[in-house]
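Contents: one structure, followed by commentary.
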Amino acid sequence: MRLSQLFGKTQREIPAEADTISHQLMLRAGMIRQLTAGVYSYLPMALRSLRKIEDIIRDEMNKAGGQEICMPVLQPIELWEKSGRGVSFGKNLFRLFDRKERELALGPTHEEVVTDLIGRSVQSYRDLPLLLYQIQTKFRDEPRPRGGLVRVREFVMKDLYSFDTDASGLDISYQKMVTAYKNIFSRCGLPVIVIEADSGAIGGKDSNEFMAVSEMGEDEIIYCESCSKAANAEKAKSVKAKAGCSAPLPMEEVSTPGYKTIEEVCGYLKINPVNTLKAVFYMADDEFVFVSIRGDVDVNEVKLKNLLHCVDLRLATEAEVAAKGIVAGFASPIGLKGIKIVADESVASGTNFVAGGNKNDAHIKNVNYPRDFKADLIADIALAVAGDACIKCGAKLLATRGVEVGHVFKLGTFLSEKMGAYYIDANGESKPIVMGCYGIGIGRLMAATIEINHDDKGIIWPLSITPYQVYLCPLLVEDERVAEKAESLYKELKNLGMEVLYDDRNESTGVKFNDADLLGIPLRITVSPRSLEKGCIEVKWRSEKKAELFPVEEAVKKIQEMLAGN
RNA sequence: CGGGGCGUAGCGCAGUUGGCAGCGCGCAGCGUUCGGGACGCUGAGGUCGGAGGUUCAAAUCCUCUCGCCCCGACCA
């Protein structure tokens with residue numbers, strides 16, 4: 001491709017709308033254009049890379065036994081009502097009406113469609129297992145798209161669905177996908193870590209996320225260096241520091257005039273937050289919930305939501321709290337009636353806590369669970385944080401951030417039961433098909449790769465997913481020797497099957513080199529009067545500082561070798 | 001949905017007592033340059049996000065509205 005004809009110009013200045021590195025670089029490199037919030041056009045440079053990523057994914061999916069299909073984006077709303085997930089996807093589901101006023105959704109994912117498809121096609125255990133995938137556009141009306149291609153409302157995803165007769169079959173399918181995913185990210189030049197995850201609106205049991213570790217990532221990862229256990233913060237479990245464990249004493253009211261927050265009460269009573277119990281109030285699908293948790297621990301709302309099996313969970317408003325007769329700032333579950341009480345396990349982690357007095361300006365010392373109050377539910381609903389101990393090996397946990405580039409789920413049978421996808425087993429009995437689903441966001445993968453492979457000059461493409469392999473850069477194209485050599489090299493390299501971006505523009509050296517660095521093509525070939533006079537051509541890796549000179553007659557062979565060796 | 005910021009040329013921005021809409025980059029033409037974003041001359045490019053209002057006069061003041069970005073909530 002001649003750069004003079006390439007659609008998508010480079011830009012010197014950083015567009016104001018971008019403050020994520022990958023977003024800035026993609027805009028400056030002329031790869032993407034935004035149409036509206038979270039919706040982008042992909043220009044040639046981006047599309048070439050995306051296609052290569054897709055090819056790698058397709059290859060690995062096929063190797064793992066996947067069969068490619070293509071399912072509709074336009075989906076009748078009844079399908080979503082049938083699965084019940086229209087509710088859990090909520091406003092993220094794009095809805096529209098056809099001319100007959102029939103309601104449709106733009107598919108945010110394809111479990112419904114594929115389960116419907118399978119339910120109609122699969123009859124016998126002999127038809128299973130099955131791995132079906134597609135690479136297709138998804139629509140999700142995200143409340144806040146961000147970071148360029150990191151979170152968008154329209155995007156291409158590879159989604160594979162596995163169908164097995166039983167749990168052990170699912171385990172095999174799941175493992176195949178985990179292996180394939182590791183291959184994919186490794187081939188794309190993107191280091192990832194596999195972590196435990198919550199399954200969110202998808203539902204199901206086991207779930208793992210593939211995270212590209214990066215500061216700009218949206219997810220917090222809690223991990224253990226010594227045993228390498230790692231989980232999304234919304235899923236992570238941890239061992240909290242022990243609270244005091246002296247023998248239980250009788251409860252005793254203390255005056256705490258105006259001291260409401262844990263910090264204030266601790267300061268006033270000269271105690272540590274670990275020895276207090278705090279109260280947090282939620283509305284779970286319109287039910288008021290009183291959460292009791294140790295003062296030094298925060299509530300993990302994902303865990304709480306899963307525990308309560310609710311769709312919508314939010315903090316209660318002051319008015320809602322007051323309406324329940326609760327004295328905010330001095331609340332505790334002691335003696336509370338007619339309110340659902342959920343306690344975190346940490347309330348049982350010690351003795352003689354300080355809790356609210358349920359009246360103004362008073363707290364109670366020496367509160368002990370379960371002696372002094374009961375909970376309707378007690379479970380681990382604590383947010384794990386760096387510094388807690390690993391539940392597996394006891395070492396101190398660390399925190400980092402990551403971009404979720406892939407996610408795999410063991411769905412089980414809840415969807416097949418709802419959607420009516422059954423098979424007949426060897427004994428002639430009807431059973432629900434056991435499902436798994438596995439997704440990779442293609443654009444996000446590309447963005448994450450750039451996020452990790454760049455320097456202050458621009459992108460540094462991994463060879464496997466680069467839009468072009470070679471940047472052919474003649475300096476001083478008005479010099480006939482240079483122009484002739486560059487043209488002949490261009491033809492020769494192309495004929496050898498190389499993907500060449502040929503900077504045939506009559507621009508100054510600085511402009512050309514800076515664009516070469518911005519675009520990040522792995523191998524740069526410079527043809528200049530200076531090196532031609534020595535009978536040489538200069539070759540340089542984008543990732544290296546130093547260039548190499550090769551005699552003109554050997555250059556093509558050397559370039560071939562360099563590309564082949566990487 | 002809560003908080004903050006911003007909409008003026010393709011991009012980055014300036015533009016307050018309300019009085020001819022500007023600068024830099026980029027773009028087009030010509031010429032001189034050429035190993036890390038060169039220079040000169042000439043030129044094109046604007047419903048100042050939109051609607052309404054105040055005024056002799058609005059990018060500027062008022063009202064409404066739309067959009068975009070960031071933080072949070074949320075989120076496969």
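A note on names: the letters A, B, ... follow the listed sequences, proteins ahead of strands, and every chain is numbered from 1.
For A:Thr509, no side-chain nitrogen or oxygen approaches OP1 or OP2 of B:rG37 to under 4.0 Å. Dashed line: the shortest gap from a side-chain N or O of A:Ser508 to OP1 or OP2 of B:rA38 is under 4.0 Å. In this model, the phosphate group of B:rC75 is approached by a side-chain N or O of A:Lys305 to a distance below 4.0 Å at OP1 or OP2. Between A:Arg28 and B:rC11, a side-chain N or O to OP1/OP2 separation shorter than 4.0 Å is absent. Residue A:Arg12 places at least one side-chain N or O under 4.0 Å from the OP1 or OP2 atom of B:rG26. Phosphate contact (OP1/OP2 of B:rG72, side-chain N/O of A:Arg146, threshold under 4.0 Å): present. Proximity of A:Gln34 to the phosphate of B:rC69: a side-chain N or O atom is located under 4.0 Å from OP1 or OP2.
Among the atoms of the strands shown, base atoms are found under 4.0 Å from some heavy atom of A:Ser531. When heavy atoms are screened at a 4.0 angstrom cut-off, A:Asp479 is found touching no nucleic acid atom at all. Within the 4.0 angstrom heavy-atom criterion, only backbone atoms of the sugar-phosphate kind lie near A:Ile14; the bases stay farther away. Using a 4.0 Å heavy-atom criterion, one finds that A:Pro15 contacts the sugar-phosphate atoms exclusively. The residue A:Glu404 sits close only to the backbone: its heavy atoms come under 4.0 Å of sugar-phosphate atoms, none of a base. Contact annotation for A:Pro145: backbone-only contact, meaning every heavy-atom pair under 4.0 Å involves sugar-phosphate atoms and none involves a base.
In this structure B:rC74 sits in no base pair that meets the Watson-Crick or G-U test at under 3.5 Å. Across all strands shown, B:rA58 forms no Watson-Crick or G-U wobble pair with both key distances under 3.5 Å. B:rG37 is unpaired under the Watson-Crick or G-U wobble criterion, no partner having all donor-acceptor distances under 3.5 Å. Across every strand in view, B:rA28 sits in a pair with B:rU42 that passes the Watson-Crick or G-U test at under 3.5 angstrom. Pairing partner, B:rG67: B:rC6, with both Watson-Crick or wobble hydrogen-bond distances short of 3.5 Å. Remark: B:rC13 base-pairs with B:rG22. Criterion, Watson-Crick or G-U wobble with two distances under 3.5 Å.
Rounded to whole Å, atom P of B:rA76 lies 14 Å from atom CG of A:Leu415. Protein atom CG of A:Asn506 is 14 Å distant from nucleotide atom C1' of B:rG29, rounded to whole Å. The nearest whole Å value for the distance from the CG atom in A:Asn514 to the C1' atom in B:rC25 is 14 Å. Between A:Phe409 atom CZ and B:rC75 atom P there is a gap of 13 Å when expressed in whole angstrom units. The distance between atom CZ of A:Arg33 and atom P of B:rC11, rounded to the nearest whole Å, is 6 Å. Spacing between atom CD of A:Glu142 and atom P of B:rC75 amounts to 10 Å, rounded to whole angstrom units. B:rG26 atom P lies 19 Å from atom CG of A:Leu27, rounded to whole Å. Atom CD1 of A:Ile440 is separated from atom C1' of B:rA76 by 13 Å (rounded to the nearest Å).
Across all their heavy atoms, A:Gly8 and A:Leu43 have their closest contact at CA-CD2, 4.0 Å. Across all their heavy atoms, A:Ala46 and A:Met31 have their closest contact at CB-O, 3.2 Å. Nearest heavy atoms, A:Ala64 versus A:Leu131: O-CD1, 3.3 Å. Listed here is the closest heavy atom pair of A:Glu301 and A:Leu313: O-CD2, 3.5 Å. Scanning all heavy atoms of the two residues, the minimum distance from A:Asp141 to A:Phe94 falls at N-CE1, 3.3 Å.
Geometrically, A:Lys410 engages A:Tyr174 in a cation-pi contact, judged by NZ or CZ lying under 6.0 Å from the ring centre and within 45° of the ring axis. Taking the ring axis of A:Tyr133 as reference, the NZ or CZ atom of A:Arg58 does not stay both within 45° of it and closer than 6.0 Å to the ring centre.
Annotation: B:rC48 and B:rC20 have their P atoms spaced 15 Å apart (nearest Å). Comparing the C1' positions of B:rC6 and B:rC74 gives a spacing of 23 Å, expressed to the nearest Å. B:rG46 sits 31 Å from B:rC56 when the P atoms are compared, rounded to a whole Å. For the C1' atoms, the distance linking B:rG4 with B:rU8 amounts to 22 Å, nearest Å. The C1' atoms of B:rC11 and B:rG26 are separated by 7 Å, rounded to the nearest whole Å. Nucleotides B:rG50 and B:rA59 have their C1' atoms positioned 14 Å apart, rounded to a whole Å. Distance noted for atom P between B:rG40 and B:rU60: 35 Å (whole Å). B:rG22 and B:rA9 have their C1' atoms separated by 11 Å, given to the nearest Å.
Residues A:Phe185 and A:Phe210 bring their aromatic ring centres within 6.0 Å.
For A:Arg151 against B:rC75, a side-chain-to-base donor-acceptor contact under 3.5 Å is present. Donor-acceptor pairing under 3.5 Å, judged by distance alone, is present between the side chain of A:Arg524 and the base of B:rG36. Between the side chain of A:Glu13 and the base of B:rG24 there is at least one donor-acceptor pair of N/O atoms closer than 3.5 Å. On a pure distance criterion of 3.5 Å, no polar donor-acceptor pair joins the side chain of A:Glu507 and the base of B:rG37.
Comparing A:Lys540 and A:Thr20 against RNA chain B, the residue whose closest nucleotide sits nearer the 5' end is A:Lys540. The 5' end of RNA chain B is approached more closely, in terms of each residue's nearest nucleotide, by A:Leu475 than by the other of A:Leu475 and A:Gly147.
For the pair A:Tyr471 and A:Leu523, the minimum side-chain heavy-atom distance is 4.5 Å or more.
Between A:Arg505 and A:Asp503, at least one side-chain N (NZ, or NE/NH1/NH2) sits under 4.0 Å from a carboxylate O, which counts as a salt bridge. A salt bridge links A:Arg151 to A:Glu142: at least one charged side-chain nitrogen sits closer than 4.0 Å to a carboxylate oxygen.
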Which pairs, protein N/O on one side and nucleotides 40-50 of chain B N/O on the other, fall under 3.5 Å?
none

